[in-house]
Amino acid sequence: MRRRTERLPAAHLYSPAAIRLGFGAWIPADMTANANAAAPRARTPAVPFILVTVLLDMLGIGIIVPVLPSLVTSMYGEGISAGSAVFGWFAASYALMQFVFSPVLGNLSDTYGRRPIILLSLLGAGLDYMLMAFAPTLSWLFLGRLISGITGASVTAANAYIADVSTPEQRGRNFGLVGACFGVGFVLGPALGGLLARFGLRAPFVAAAVLNLANALYGFLVLPESHAPERRRPFAWRKASPLAALAGLRTHPAVFGLAGVVALERLAHDALPSTWVLYTIYRFQWSELEVGLSLAVVGIMSVIVSGGLTGVLIARWQERRALLVGLLVSAASFVAYGLATSGWMLYLTIVAGSLGSIAGPAIQALITRRVGPGEQGAVQGALSSVRGVTGIVAPLMATGLFGYFTSPAAPVQIPGAAFLVSAALLCAAIGVAVRILRTIPESG
């Protein structure tokens with residue numbers, strides 16, 4: 001994520017960078033040569049530290065993916081079509097909290113450093129998962145989801161951390177490695193969550209709490225600071241509000257335009273995590289374990305693409321072409337998801353569509369090239385707010401489409417309607433990207 005750089009989350013599932021369908025490795029010391037002076041202690045800031053932190057964070061998120069929709073709909077008690085709308089509000093509330101708090105945490109990290117923001121967020125997430133594990137009512141579970149949205153905004157500081165320790169030449173590869181960590185988290189997390197569901201729908205929440213608390217301890221022991229004191233700036237609430245953060249993107253016209261691409265891309269992808277479990281259970285009668293295994297395949301392919309192919313493809317195609325190819329592949333894969341008639345077709349689409357995950361690192365590299373080192377946290381926060389807005393709209397849109405087109409009131413049954421709409425949004429993103437890229441010099 002970058003010195004003059006930035007990364008996407010993703011993922012969400014719940015981030016909802018969640019299922020991007022397609023979402024570390026030891027990094028040589030020279031990758032962090034430009035950030036050595038930033039460490040306030042003897043340890044040298046390095047990409048592997050933050051990669052492990054992201055990995056454990058995503059593992060905790062992935063564990064609850066197969067069970068959260070079922071838990072919400074079962075506590076609501078009126079069937080999957082009606083319960084899907086309630087789950088949509090759960091997903092939207094998470095994104096709303098990220099929209100509000102991502103700029104705050106991003107700006108705080110510019111003022112006080114990345115390390116304390118990341119550690120406090122991880123600690124809060126661990127305690128919150130424990131609250132959700134023992135929530136007695138749907139209201140308490142909803143409160144826990146609101147808190148998890150706040151703690152999940154720590155991805156802003158993590159993105160800025162990668163920006164701090166990456167050179168311009170290494171951005172694409174580093175973004176790919178972060179994507180690989182998302183992938184590993186979604187290989188192990190959903191599969192483990194599906195297995196733990198045999199002990200009850202709440203068991204995965206306990207496991208997620210343990211992972212986040214262990215992650216906080218790991219970070220406390222080994223995660224060094226990456227943001228040099230001389231590069232920090234005073235905190236200002238006017239800059240930390242989400243609306244001010246979004247308005248601040250206008251000072252960088254190309255970044256503002258690319259943020260529009262991010263918005264369309266995220267609006268499309270955020271529909272997937274909010275309906276994937278509902279869709280596969282309704283359409284193909286999958287169990288929580290089968291859902292978890294499908295998400296594990298998503299993660300495996302993401303590791304292969306993000307951890308191995310992304311750096312190679314971006315280096316060969318350059319960021320512009322990689323962005324367009326990634327968006328095109330994603331659009332095609334969403335059409336395939338929406339029209340699938342058998343479960344095995346989803347697996348083929350996951351494998352083929354995983355190449356679409358190169359779009360995220362490519363657009364992050366393009367954006368962060370055009371942002372100064374003192375603004376990385378603020379820009380990361382603004383972009384997280386963009387994703388927060390889409391995360392609010394997309395679950396409501398997707399679950400609404402799913403609920404309507406699986407209800408008796410629908411003129412025709414189209415369980416995959418939300419995926420088809422997502423494909424159209426990705427086509428729009430391609431059009432916007434082509435227009436913006438024409439205004440950016442090839443060297444930019």
Side-chain angles (χ1 to χ4, degrees), residues 7-13 15-23 91 95 175 179 182 257-276 279 298 301-302 305-306 309-310 313-314 317 319-340 345-346 348-367 383 386-402 405 414-438:
R7 176 187 81 94
L8 237 205
H12 207 315
L13 199 166
S15 158
I19 312 178
R20 294 186 54 79
L21 287 204
F23 311 164
F175 298 153
F182 275 90
L258 290 171
V261 179
V262 171
L264 289 168
E265 188 262 356
R266 289 313 315 159
L267 189 60
H269 279 93
D270 287 352
L272 190 56
S274 56
T275 54
W276 182 261
Y279 175 69
V298 170
M301 294 309 304
S302 178
V305 174
S306 298
L309 295 179
T310 295
L313 293 177
I314 291 180
W317 291 344
E319 292 136 359
R320 298 161 179 264
R321 185 181 299 177
L323 169 60
L324 297 176
V325 170
L327 292 174
L328 182 60
V329 170
S330 293
S333 66
F334 271 95
V335 172
Y337 290 132
L339 299 180
M345 295 180 180
L346 298 184
L348 286 182
T349 305
I350 289 171
V351 173
S354 62
L355 187 63
S357 64
I358 67 174
I363 198 169
Q364 298 306 332
L366 283 167
I367 289 175
L383 290 171
V386 170
R387 295 188 290 271
V389 172
T390 64
I392 296 168
V393 176
L396 298 176
M397 175 193 73
T399 55
L401 288 168
F402 174 83
F405 282 102
I414 311 176
F419 299 148
L420 300 179
V421 171
S422 291
L425 290 170
L426 285 163
C427 290
I430 294 171
V432 174
V434 170
R435 179 181 177 184
I436 297 302
L437 291 176
R438 288 174 179 167

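Quantities reported herein were computed from a predicted structural model and do not represent experimental measurements. Heads up: numbering here begins at 1 and tracks the sequence.
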Given the side-chain rings of F419 and Y279, with only the six-membered ring counted for Trp, is the space between their centroids under 6.0 Å? yes
Rounding to 0.5 Å, atoms CG (L258) and CD1 (I363) come to a distance of 5.0 Å
Contact check, side chains of L313 and L355, non-hydrogen atoms, under 4.5 Å:
yes
Correct closest heavy-atom pair for S422 and A271 would be OG-CB, 3.4 Å
Interatomic distance, CD@E265 vs CG@L267, rounded to 0.5 Å, equals 10.0 Å
Distance col, row E319:CD vs L366:CG, nearest 0.5 angstrom, shows 4.5 Å
Self-check item: pair W276-L346: side-chain heavy atoms closer than 4.5 Å
Solution: yes
For A352 and V329, the nearest pair of non-hydrogen atoms, with its separation, is O-CG1, 3.8 Å
Interatomic distance, CZ@R321 vs CG@L437, rounded to 0.5 Å, equals 12.5 Å
Residues V305 and S354: closest non-hydrogen pair is CG2-OG, 3.5 Å
**Prompt:** Do V262 and I367 come within less than 4.5 Å of each other through their side chains, counting heavy atoms only?
**Reply:** yes
A433 and L323 have their tightest heavy-atom pair at CB-CD2, 4.2 Å
Quiz item: With a 4.5 Å heavy-atom cut-off, do L264 and L327 have their side chains touching?
Solution: no
Rounded to the nearest 0.5 Å, the OG1 atom of T390 sits from the CE atom of M397 at a distance of 9.5 Å
V335 and A423 have their tightest heavy-atom pair at CG2-CB, 3.5 Å
Minimal heavy-atom distance between G338 and L420, with the atoms involved, is CA-CD2, 4.1 Å
Min side-chain heavy-atom separation P361-I314 under 4.5 Å: yes
Margin query: Are the side chains of F334 and L425 in contact, using a 4.5 Å heavy-atom criterion?
Written below: no
Distance col, row T275:OG1 vs D270:CG, nearest 0.5 angstrom, shows 10.5 Å
